[in-house]
Amino acid sequence: MTDFSLTIQSFRPSDEADVVGLWRACGLTRPWNDPAKDVARKLTVQPDLFLVGEAEGAIVATLMGGYDGHRGWVNYLAVAPAFQRRGYATAMMREIESRLLAMGCPKINLLVRSDNLAVQSFYESLGFGQDAVISMGKRLIPD
């Protein structure tokens with residue numbers, strides 16, 4: 001079902017508690033990533049690519065995008081469980097794709113947990129494919 005009652009706009013500081021609550025409800029937070037610090041850090045770099053989706057007077061979707069001049073990135077795509085299967089995640093992805101394309105971004109990368117098969121299928125339905133790479137990380141600042 002597609003429901004176009006979603007309003008997408010850039011994050012506002014007053015959205016923080018609702019956004020973090022949504023991430024927790026969707027199981028996106030991890031003990032080693034303080035979501036408040038992630039919000040604060042994002043607001044220092046391309047805050048216009050930090051999107052929230054509102055429906056029925058509440059924040060029901062988020063997406064944190066970025067562009068480093070080489071690749072675009074998507075993090076924290078979330079839709080509140082009660083609002084899933086309405087096309088909101090697709091709408092959020094289409095909005096970030098539009099914004100990144102306007103910046104000249106040639107490709108979007110994202111990370112999906114290997115056991116999250118439903119999300120992998122969602123991204124495949126949007127034209128994403130698995131790249132022959134591994135993800136490596138190094139924490140510089142412990143949360």
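- Q120 places a side-chain N or O within donor-acceptor distance of the main-chain N or O of S114, the cut-off being under 3.5 Å.
- Under the 4.5 Å side-chain criterion, counting only non-hydrogen atoms from C-beta, M92 is in contact with L77.
- The side-chain heavy atoms of I108 and E97, taken from C-beta on, include a pair separated by under 4.5 Å.
- Between the side chain of D143 and the main chain of D34, a donor-acceptor pair closer than 3.5 Å is present.
- Side chain of Q46 to main chain of Y67: a donor-acceptor pair is present (N/O by atom type, distance under 3.5 Å, no hydrogens or angles).
- Put simply, the side chain of M93 reaches to within 4.5 Å of the side chain of L63, judged on heavy atoms.
- Put simply, the side chain of N33 never gets that close to the backbone of P35: no donor and acceptor are under 3.5 Å apart.
- Under a 3.5 Å cut-off, the side chain of R12 and the backbone N or O of Q9 do not form any donor-acceptor pair.
- Here L110 contributes atom CG and I96 contributes atom CD1; the two are 11.5 Å apart, rounded to the nearest 0.5 Å.
- With contacts defined as side-chain heavy-atom distances shorter than 4.5 Å, the pair C105/H70 does not qualify.
- Here the straight-line distance linking atom CZ of F122 with atom CG of L117 works out to 15.5 Å at 0.5 Å rounding.
- Aromatic pair Y76/W23: centroids less than 6.0 angstrom apart.
- Between the CD atom of E56 and the CG atom of L6 there is a distance of 10.5 Å, given to the nearest 0.5 Å.
- One distance of note links CZ of R41 with CE of M64; it measures 10.5 Å at 0.5 Å rounding.
- The minimum heavy-atom distance between A25 and P81, with the atom names listed, is O-CG, 4.1 Å.
- Residues A78 and L28 approach most closely at CB-CD1, 3.5 Å, considering heavy atoms.
- Atom OH of Y123 sits about 7.0 Å away from atom CZ of F128, to the nearest 0.5 Å.
- Counting all heavy atoms, side chain and backbone alike, G66 lies closest to L49 at CA-CD1, 3.8 Å.
- Put simply, OG1 on T62 and CG on N75 are 10.0 Å apart, with the number rounded to the nearest 0.5 Å.
- Here the side chain of R99 pairs a donor or acceptor atom with the backbone of D48 at under 3.5 angstrom.
- Using a cutoff of 4.0 Å between basic side-chain nitrogens and carboxylate oxygens, D38 and R30 are not scored as salt-bridged.
- Smallest separation of non-hydrogen atoms from S10 and D15: O-OD2, 4.4 Å.
- In this structure a side-chain-to-backbone donor-acceptor pair under 3.5 Å is present from K42 to G65.
- Not one N or O on the side chain of E16 forms a donor-acceptor pair closer than 3.5 Å with the backbone of V39.
- Of the possible polar contacts, none joining the R86 side chain to the Y88 backbone as a donor-acceptor pair under 3.5 Å is found.
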